[in-house]
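What follows is a short report on a single structure.
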Amino acid sequence: MLKRTHFNPSPLPYLLVTPQILITIIFFIWPASQAIFQSLLVEDAFGLKSEFVWLDNFIELFTDEIYFNSFGRTLLFSSLVAFLSLGTALLLAATADRIVRGATTYRTLLIWPYAVAPVVAGALWMFIFDPTLGIVAYMLEALGYDWNHRLNGNQAMALIIFAASWKQISYNFLFFLAGMQAIPKSLTEAAAIDGAGPAWRFWTIVFPLLSPTTFFLLVMNIVYAFFETFGIVHAVTKGGPAGATEILVYKVYNDGFIGLDLGGSAAQSVVLMAIVITLTVIQFRYIERKVEY
Amino acid sequence: MAEVILEDVVKAYSKTEVIHGISTTIADGEFIVIVGPSGCGKSTVLRMIAGLEKITGGIIRIDGQVVNKLEPKDRDIAMVFQNYALYPHMTVFNNMAYGLKLRKFGKDEIKQRVDQAAQLLQLEGLLDRKPRQLSGGQRQRVAMGRCIVREPKVFLFDEPLSNLDAKLRVQMRLELRKLHERLKVTSIYVTHDQVEAMTLGDRLIVINEGAAEQIGSPLELYEKPGTKFVAGFIGSPAMNFMDAHISRDGQWALMQGDIRLALANGGVPRFGGQQVIIGIRPEHFKIIVKGPQSMLLTVDHTEILGADTTVYGRFADTPGLITIRLPDIHHFKSETILPLSVAQAKIHIFDRETGARI
């Protein structure tokens, strides 16, 4: 712990944190409490009046099979997205860490996808895999594989997993690379002299030392897959076909704004909020204990 | 244990040559110290022997085998790094056992070797700790232990003591020397600290700007430095250098302020009349009764260290301060004039152009 320096009481510190507090209240506390309040109400079909129903919305949610299916789908989606994007980023970072010449160019190119908006990324992938226009769909067909993510739910799921992972690789790559460059070079050299080949050095030295970074990224990626993939789903599949890609965050939108079940939709977003808060708490607790060097 | 031979070893980064052909033979069981100022290339030489840097030219042999193209792990060497490079996520035991596991030793054999090394290095109680729970000296020992357990042909040390405080450094220096006398493994030790070099090495390689200036035993380098660079680098406080010229008959060195120094062994008649540099070590000045042969030093300031006193002063109008070191405690006021003399044999003469010893 750092020692606290003691200053005379002054309103200045409070003044300095005021903007941050205001932003938090306006953009987080207020809408969040609105959502919580909304989740306890039921709106009539015409939006004329609402009725306070306590936790009925939640009870309905947790007894709804469709919701549980969506939950399972989201878990599958986010774990695959996290696994794919972390794995690919780790591989790319390990390669980037080894090269000297052209490293800057390589890095810059790898960071670009992060600057692409989710909807644009989704549109990009949708066109590439479009059953009638897409080049990959065309190539797959030439190989005798029938690609049509508009009809095939599994293919649709695979497609949004690819698109979502692709977009997140840059972010992960940056953190992994920074993490690797923070590991003293002499450690890998010592391992090389001790007799470890490059792959073994990576698994026994570099990877364990990256574990704080990996854990941080794992949490960030799950959060990303849970909440920030709306744009991609919306652009590529709109939750279809037949709800095969309807992940939780998309279901919030679908039920609330399309199905106009505001109370139920609010209840779902409160559940999501609880999840993200839990993840963040785990993240802070764990990271604080587990910094290696 | 093995002999290490360097033959005209060259290192270049793209077009810049940093090591200009170093050759030497390091005998089996010898402790050799590579010493030089920062950035002279001494670590590069060590890293080439270790296999961490590619060798641009020349040949390195370990135990008769050319190792130029071998991976570090196939050279049968062990290295202690400046920052120790202990694996932070492994216990002391696993740090030491890492190399043995990779070399497919049996569990019992590993345990036995690690225990033995731990006993030798007084690490017995610490085998379950992580490196961050150890003090600097203990980490240093673990790094040593990691080398010892493998029983390699050659030990390489890259400034291993420079991260320790002064007292611990002296202690570890002694322990290193004792360890070497016990294990008798060929050792190559890189340092910029000339005291470490003098006390540890059987022989020293003094490197300056990527070339070996002189190779020899510590005393040889102290008593007969081959170049002005070596003379200035070995010894503390550093040797004093003064411009002078040799008298026509080569019997005298004449300096500014009418100082005449008689030269030993019949002088240097071949260099009669030439401009040279005279080098005298601070500890070789003696205070004498004032006479015609004495050099008169005007005291500028003194540093009293207890065991001896360092005096800084000037000869007449020579540029720069001259350092002299006198045993015992002396109180000299500034501007005091001290008559000094130097034994003939303690005067070093260097060529002003090349810096080579005359």
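Keep in mind that this is a model prediction, so the values were computed, not measured.
- Enclosure of atom CG in B:Asp165 by more than 12 non-hydrogen atoms of other residues, nucleotides or ligands within 6.0 angstrom is indicated.
- The number of heavy-atom neighbours closer than 6.0 Å to OH of A:Tyr106, taken from other residues, nucleotides and ligands shown, is above 12.
- Between B:Arg103 and A:Asp194, no side-chain nitrogen of the basic residue sits less than 4.0 Å from a carboxylate oxygen of the acidic one, so the salt-bridge criterion is not met.
- Heavy-atom neighbours of A:Phe207 CZ from other residues, nucleotides or ligands within 6.0 Å: at or below the threshold of 12.
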Could you tabulate the donor-acceptor pairs under 3.5 Å formed by side-chain atoms of residues 183-192 of chain A, not counting sequence neighbours?
{"from": "A:Ser186", "atom 1": "OG", "to": "B:Asn83", "atom 2": "OD1", "distance (Å)": "3.0"}
{"from": "A:Ser186", "atom 1": "OG", "to": "B:Asn83", "atom 2": "ND2", "distance (Å)": "3.1"}
{"from": "A:Thr188", "atom 1": "OG1", "to": "A:Lys185", "atom 2": "O", "distance (Å)": "2.8"}
{"from": "A:Glu189", "atom 1": "OE1", "to": "B:Arg47", "atom 2": "NH1", "distance (Å)": "3.0"}
{"from": "A:Glu189", "atom 1": "OE2", "to": "B:Arg47", "atom 2": "NH1", "distance (Å)": "3.4"}
{"from": "A:Glu189", "atom 1": "OE2", "to": "B:Arg47", "atom 2": "NH2", "distance (Å)": "2.6"}

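- Nearest heavy-atom pair across B:His89 and A:Thr204 is NE2-O, 2.7 Å.
- Only the backbone of B:Leu86 comes within less than 4.5 Å of a heavy atom in chain A; its side chain stays farther off.
- Counted within 6.0 Å of CD on B:Glu71, heavy atoms from surrounding residues, nucleotides or ligands total 12 or fewer; the atom is thus considered open.
- If you measure heavy-atom distances from B:Ile77 to chain A, the contacts under 4.5 Å come from both the backbone and the side chain.
- Around the NZ atom of B:Lys101, the shell of radius 6.0 Å holds more than 12 heavy atoms that belong to other residues, nucleotides or ligands.
- The stretch residues 33-40 of chain B places none of its residues near chain A, where near means some heavy atom under 4.5 Å from a heavy atom of that chain.
- Listed options B:Ala85, B:Cys147, B:Pro131 were ranked by heavy-atom pairs under 4.5 angstrom with chain A; first place goes to B:Ala85.
- Inter-residue side-chain proximity for A:Leu209 and B:Tyr87 is flagged as unmet; no heavy-atom pair is nearer than 4.5 Å.
- To the nearest 0.5 angstrom, A:Ile193 atom CD1 is 9.5 Å from B:Arg75 atom CZ.
- Summarising the local packing, CZ of A:Phe162 is surrounded by 12 or fewer heavy atoms from other residues, nucleotides or ligands at distances under 6.0 Å.
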